[in-house]
Amino acid sequence: MSELYNKLKQYGDSDYYPYHMPGHKRQLTGCIDAQIMKLDITEIDGFDNLHQAQGILQELQEKASLLYGAEETFYLVNGSTCGILSAISAALPPNGHILMARNCHKAAYHAAYLRNLTISYLYPEIIEEYDICGAITPKQVEAALQEEPDIEAVLLVSPTYEGRIADIKAIAEVVHERGIPLIVDEAHGAHLGLAKGFPKNSCQQGADIVIHSVHKTLPAMTQTALLHVNGNLIDRSKLKRFLHIYQSSSPSYVLMASIDNALQIVEDEGETLFETFFNNYNGLLQNLKTCKHLKFLPLQTGKQDVGKLVISSKDLGLSGQEIYDMLLKSYHLQLEMAAGSYCLAMFTIGDGKEAYERMEKALLAIDRCIEASIGNFEKCKAVAKGEFQKNRAAMPLAKAWDMETEIIPLNQAVGRAIGEFINLYPPGIPILVPGEVLTQALYEQLLQYKELGLSLQGIESLEPLCIKVLLEEK
Ligand SMILES: Cc1ncc(COP(=O)(O)O)c(C=O)c1O
């Protein structure tokens, strides 16, 4: 059982009266489960302080670092988002120069904005068969560092949203040859390195900072995450300073107990849970091979993670959103996200057999339906790809996002520098960054996203389609 949960539970059942926050006083709980509210305390005597951990929280962080093979680990209660903000801020000086994958989460861009960084991008290769981003390669990193020797840190996402895993060991070697740190946003890989047969996590492969969303792939509550730090390329007191800045001064003990609880489950039952997970997932993929039309991204040891079911409708005349909607409306299966020509379902150790059976049944039925109606679907033109265009930036993000803007119809915005991030959510990866110029091709891509009903963020209004652009000097 989670040590922190146990301690909170005992405290909640004790006769100590709370003359402190939170205001519900563990009594006025309304319709929220009283058992949860009873655990919800703040940093009172005997419960340590996340911002200066010396007691139980320090113990738990040390336990987590042992589990992941990290030198030092920090509990995060504001998601990987605050870990990414802190990591970048600590790894680079203000006005520094970062090399980062273009498919980084928006938090990375936000950090670049806050620290006035110059960004150079690594563009992931696109896996055409599935329209998804591949992993960044060591060669790409090496070439970029050779071209721009003033780069001060490198940031990558691995596994990606769709589960592509990069060769972090080789990349870390290339980056370290330059004496600079490698940050890995491993938000989707908190399960890596925890059981036999699973790829190692990035701490075990030489990365200097690794960030895990515990809530994404392990059985923990939303917002829970970890940041691990290794080696001497990161100034740890600076890192702590930024964690202090970007994390709440009232971290939730319910969330922290939930991290401890998830890691305890892994320690106690991990081997069995992960083995069952792998077998169930692999079994699902095998059974789905009977589909005649839908395609599923296959597992690939060390390259494609288990659990990210990419359901491709490419070239069927159906969009990813349409498959997503069918699964939701007809089968009550809520997926993680939809993109132009695929949608994504996530499986973790938290799923029982029913999750696999229901998905298999639904997808086989949808595939039969496609077979019966093939050719009748309204052709989804060239369905939008996950491709990143190398956008021209009229000015750097850090300057552009503070400029004056105006809102104009999208069709008048071609050739103008954009004033807001534009992305699909999920996954929250920017298609356009403030300061970048909207091209005709991107304009058409955005129109298509709208037509496909994908969830576009950063657009000012959908009807009529309007966008924020930088005000041009007269
Ligand atoms: C690659 C990646 N990094 C970071 C994040 C942010 O994680 P969190 O929601 O834990 O703040 C996400 C969220 O979806 C993500 O996909």
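For ligands, and for the atoms within them, numbers begin at 1 and follow the listed sequence.
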Q: Please work out which of the three classes, parallel, tilted or perpendicular, describes the rings of Phe277 and Phe274, given edges at 30° and 60°.
A: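 Answer is tilted, since the angle falls between 30° and 60°.
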Q: Only distances under 3.5 Å count here; give the side-chain donor-acceptor pairs of residues 420-433 to other protein atoms, sequence neighbours excluded, each with its distance to 0.1 Å.
A:
{"unit_1": "Glu420", "atom_1": "OE2", "unit_2": "Trp401", "atom_2": "NE1", "d": "3.3"}
{"unit_1": "Asn423", "atom_1": "ND2", "unit_2": "Gln457", "atom_2": "OE1", "d": "3.2"}

Q: For residues 104-111, tabulate all N or O donor-acceptor pairs below 3.5 Å that involve a side-chain atom, not counting sequence neighbours.
A:
{"unit_1": "His105", "atom_1": "ND1", "unit_2": "Ala107", "atom_2": "N", "d": "3.1"}
{"unit_1": "Tyr109", "atom_1": "OH", "unit_2": "Arg102", "atom_2": "O", "d": "2.8"}

Q: Let me know which protein residues bring a heavy atom to under 4.0 Å of ligand 1; chain then number is fine for ordering.
A: Gly79, Ser80, Thr81, Ile84, His105, Val157, Tyr161, Asp185, Ala187, His188, Ser213, His215, Lys216
Q: Which residue pairs pass the salt bridge (Lys or Arg N to Asp or Glu O under 4.0 Å) test when at least one of the two sits in residues 424-435, sequence neighbours left out?
A: none
Q: Between the side chains of Lys295 and Glu129, is the shortest nitrogen-to-carboxylate-oxygen separation below 4.0 Å, so that they form an ion pair?
A: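 Here Glu129 pairs with Lys295 in a salt bridge, since their nearest N and O are under 4.0 Å apart.
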Q: When you measure from the centre of the six-membered ring of Tyr121, is the NZ or CZ of Lys390 under 6.0 Å away and within 45° of the axis?
A: no
